[in-house]
Protein chains: 2
Amino acid sequence: MTRSTSSLTPLPGACAACAVRPFALFRVVPQARVGEIAKVRSGVRLVRAGEAIRDSVFTLYAGWAFTWTATPDGRRQVLDFHLPGDLVERTEDGAEVEALTDASFCILARDRLCDFMGRDPSVAMSYAEGLSRDRARLRERLTSLGRRDAVGRVAHLLLEVHGRIQRRGGADARGGPVPLKQAHIADALGLSVEHANRALAVLRKDNLATLAKGRLDILDREGLEEVAGWEGPTAVESLVPRSIAG
Amino acid sequence: MTRSTSSLTPLPGACAACAVRPFALFRVVPQARVGEIAKVRSGVRLVRAGEAIRDSVFTLYAGWAFTWTATPDGRRQVLDFHLPGDLVERTEDGAEVEALTDASFCILARDRLCDFMGRDPSVAMSYAEGLSRDRARLRERLTSLGRRDAVGRVAHLLLEVHGRIQRRGGADARGGPVPLKQAHIADALGLSVEHANRALAVLRKDNLATLAKGRLDILDREGLEEVAGWEGPTAVESLVPRSIAG
DNA sequence: CGCGGTATTGAAACGCATCAAAACCCGTGG
DNA sequence: CCACGGGTTTTGATGCGTTTCAATACCGCG
């Protein structure tokens, strides 16, 4: 048994009052039309940390999740982390989605979502913008794995994660809560857990950043960006004009 | 001067007779409406191998291109390769697009393309499908860099490239023309040129595949998939239903 | 024929994986 | 309240894969 009492993780409520909608797929539909988006939601769900998520499309409401794939030799590669507001798709290619913390989300009906996008191009463009962001993150990560050493990779990931939670109001410039274990970091960055640990130790010793007890602290932003080879937050714009996608 | 006479690379002609449209963004618009898509094209261009491409959105018509980014220490990371029919966007994040061979393409007007997608959701969804494919490729590559050794990475890339040209009718099961230099492979896979060379040498010695003189030959498909940790062609479907995106 | 870019080969150095073990942390039950 | 136990973090020693540096061979083209 894990916990007998109800979880502290909140379930999503009415779309009209959704706290994460400003960061989510439906951010582009005006408040006057929230009634329509409620109809593409086919349910809500709450899962525990470590549980696999099998729903094919959902928007994360609370907690973190991640997508990963197994390699032939049995190890795991984390492909992306998901934060509240993110639209997550379970793809057909064998990648799995797993809750990183206790988490809750709105399950979307694929067909109704398609209909909606067919009728409202701004939502289709919002969807595209999300894909574009995913691509930008993957490109960054690819560059990390291709051309940065272990310390640089970890530093870069910490900066990326910090930016993502900060944009959602979940952290200030000093840091904030991040539930990543060293194993997640290792699996995302193509490192062994031991080496990810050593890289974090270097960042700690040099007073650049610490990640412990579910908290990330940025001690020296400039120094951290230096070792990360950071090139500033990547502005995604894709083809989405503000006129259409808000 | 490079060449005095006209290039052998063909320039794109009328949209109505476009040979790559079945693989391109506008594959979803019926022949009866090609007139409209001609209007989002703002020009055509021909570039030589090695030239940078600065147009912000284009669909490649002939030849190969690739997107890359410079790392702080001056090396390069290839983020993706582009083949005829691909929609290519020059993003704001410092990544550059370069012609890998002599190449020609249709330049698209960003604003007119946006208008089009705003009016025709099937094109917006086609755009999203392309992004989804990009993402799938990046995920594969990330897995390569994270969890495969040099030989596996090269084998995997060769299989991916083979699939892409084959789907376009540019190769048969045995192989086909691929203009990649070892330096491109190295920069895409996070390897030194020397080691990429050694990996190719292994594949050659084991009679799995050869890449030489601009040609890829698959000698032993099964063996190659074995060392690549290949998991079959990734079916991208995203949210795009056949009913909308054709 | 000779040149510049590309491919190939060798030897040494380095970063990271691996294996092994210990320290730590926290929730749980006695 | 403390001892227990499982998951997580930390540290150390050894080996392997890859980079780096240095040369040499190759190839298409003028």
Side-chain angles (χ1 to χ4, degrees), chain A residues 1-5 7-8 48-51 71 73-77 98 100-102 144-155 178-205 209-216 227, chain B residues 1-5 7-8 48-50 71 73-77 98 100-102 144-155 178-205 209-216 227 229:
Chain A
M1 189 186 59
T2 44
R3 245 168 296 182
S4 50
T5 55
S7 163
L8 295 174
R48 301 242 173 252
E51 257 187 73
T71 51
D73 60 326
R75 288 138 85 208
R76 111 185 332 194
Q77 174 68 44
E98 179 178 323
L100 198 153
T101 63
D102 290 356
S144 263
L145 297 224
R147 297 302 187 207
R148 277 190 261 264
D149 66 13
V151 175
R153 289 182 210 180
V154 172
V178 350
L180 262 30
K181 311 274 184 204
Q182 295 184 359
H184 296 124
I185 294 175
D187 287 341
L189 299 180
L191 299 170
S192 65
V193 179
E194 295 91 332
H195 209 70
N197 177 292
R198 285 183 248 259
L200 280 167
V202 169
L203 297 180
R204 190 185 326 131
K205 182 151 51 65
T210 61
L211 179 69
K213 302 187 220 292
R215 241 197 91 79
L216 166 67
V227 307
Chain B
M1 189 186 59
T2 44
R3 245 168 295 181
S4 50
T5 55
S7 163
L8 295 175
R48 300 242 174 250
T71 52
D73 61 326
R75 288 137 85 207
R76 112 188 326 197
Q77 174 67 44
E98 179 179 322
L100 197 153
T101 64
D102 291 353
S144 262
L145 298 224
R147 298 301 187 209
R148 278 190 261 263
D149 66 13
V151 175
R153 290 182 208 181
V154 172
V178 349
L180 262 30
K181 311 273 185 206
Q182 295 184 357
H184 296 124
I185 293 175
D187 287 341
L189 299 180
L191 299 170
S192 65
V193 180
E194 296 90 332
H195 208 67
N197 177 293
R198 286 183 248 259
L200 280 166
V202 170
L203 297 180
R204 190 185 326 130
K205 182 152 51 66
T210 62
L211 179 69
K213 303 188 220 294
R215 240 198 91 80
L216 167 67
V227 306

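To find a chain, count down the sequence lines: A is the first, B the second, and so on, and within it residues start at 1. Just the heavy atoms: all of them, side chains too, but no hydrogens, waters or symmetry mates, feed the values below.
- Rounded to whole angstrom, the span from the NE2 atom of His195(A) across to the P atom of dT11(D) amounts to 14 Å.
- Side-chain contact check for Thr210(B) versus Leu216(B): every heavy-atom pair is 4.5 Å or farther apart.
- Projected onto DNA chain D by closest heavy-atom contact, Val151(B) and Gln182(A) fall at different nucleotides, the more 5' of which corresponds to Gln182(A).
- Applying the 3.5 Å distance criterion, the base of dG17(D) shares no donor-acceptor pair with the side chain of Arg198(B).
- Nucleic acid contact class of Gly50(B) (heavy atoms, under 4.0 Å, all strands): none.
- As judged by a 4.0 angstrom heavy-atom cut-off over every strand, Ala150(B) is placed among residues touching the sugar-phosphate backbone only.
- Using a 4.0 Å heavy-atom distance criterion, Arg148(B) is classed as making no nucleic acid contact.
- Within 4.0 Å of Arg204(B), counting heavy atoms only, lie sugar-phosphate atoms of the nucleic acid but no base atom.
- Under the 4.5 Å side-chain criterion, counting only non-hydrogen atoms from C-beta, Leu203(A) is in contact with Val227(A).
- Using a 4.0 Å heavy-atom distance criterion, Leu200(B) is classed as making no nucleic acid contact.
- Rounded to an integer number of Å, the gap from CG of Leu189(A) to C1' of dA17(C) is 15 Å.
- Between Val202(A) and Val154(A) the shortest side-chain heavy-atom distance does not fall below 4.5 Å.
- For the pair Arg147(B) and Asp187(A), the salt-bridge criterion is met [side-chain N within less than 4.0 Å of a carboxylate O].
- Within the 4.0 angstrom heavy-atom criterion, no nucleotide atom of any strand lies near Gly152(B).
- No donor-acceptor distance shorter than 3.5 angstrom exists from the side chain of Asp102(B) to the backbone of Arg48(B), with no hydrogens or angles considered.
- Without hydrogens or angle criteria, Arg153(B) side chain to Arg148(B) main chain gives a donor-acceptor distance under 3.5 Å.
- The distance from the CD1 atom of Ile185(A) to the CG atom of Leu200(A) is 5.0 Å, given to the nearest 0.5 Å.
- Comparing Ala201(B) and Asp73(A), the nucleotide of DNA chain C nearest to each residue sits closer to the 5' end for Ala201(B).
- Remark: P of dT6(C) and CG of Asp187(B) are 12 Å apart, rounded to the nearest angstrom.
- One end of the helix from dC1(C)-dG30(D) to dG30(C)-dC1(D) points its axis 30° away from the other end's axis, with each axis taken from 5 pairs and the angle rounded to 10°.
- Taken to the nearest 0.5 Å, the CD atom of Gln77(B) stands 9.5 Å off from the OG atom of Ser144(A).
- For Asn197(B), a side-chain nitrogen or oxygen approaches OP1 or OP2 of dT8(C) to under 4.0 Å.
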* Structure fact -> 5' to 3', nucleotides 20-26 of chain C under a 4.0 Å protein heavy-atom cut-off (B base, S sugar-phosphate only, - none) gives -------

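- Between the NZ atom of Lys205(A) and the P atom of dT11(D) there is a distance of 10 Å, rounded to whole Å.
- Nearest to the side-chain atoms of Lys181(A) among the listed nucleotides dT18(D), dT8(C), dT8(D) stands dT8(D).
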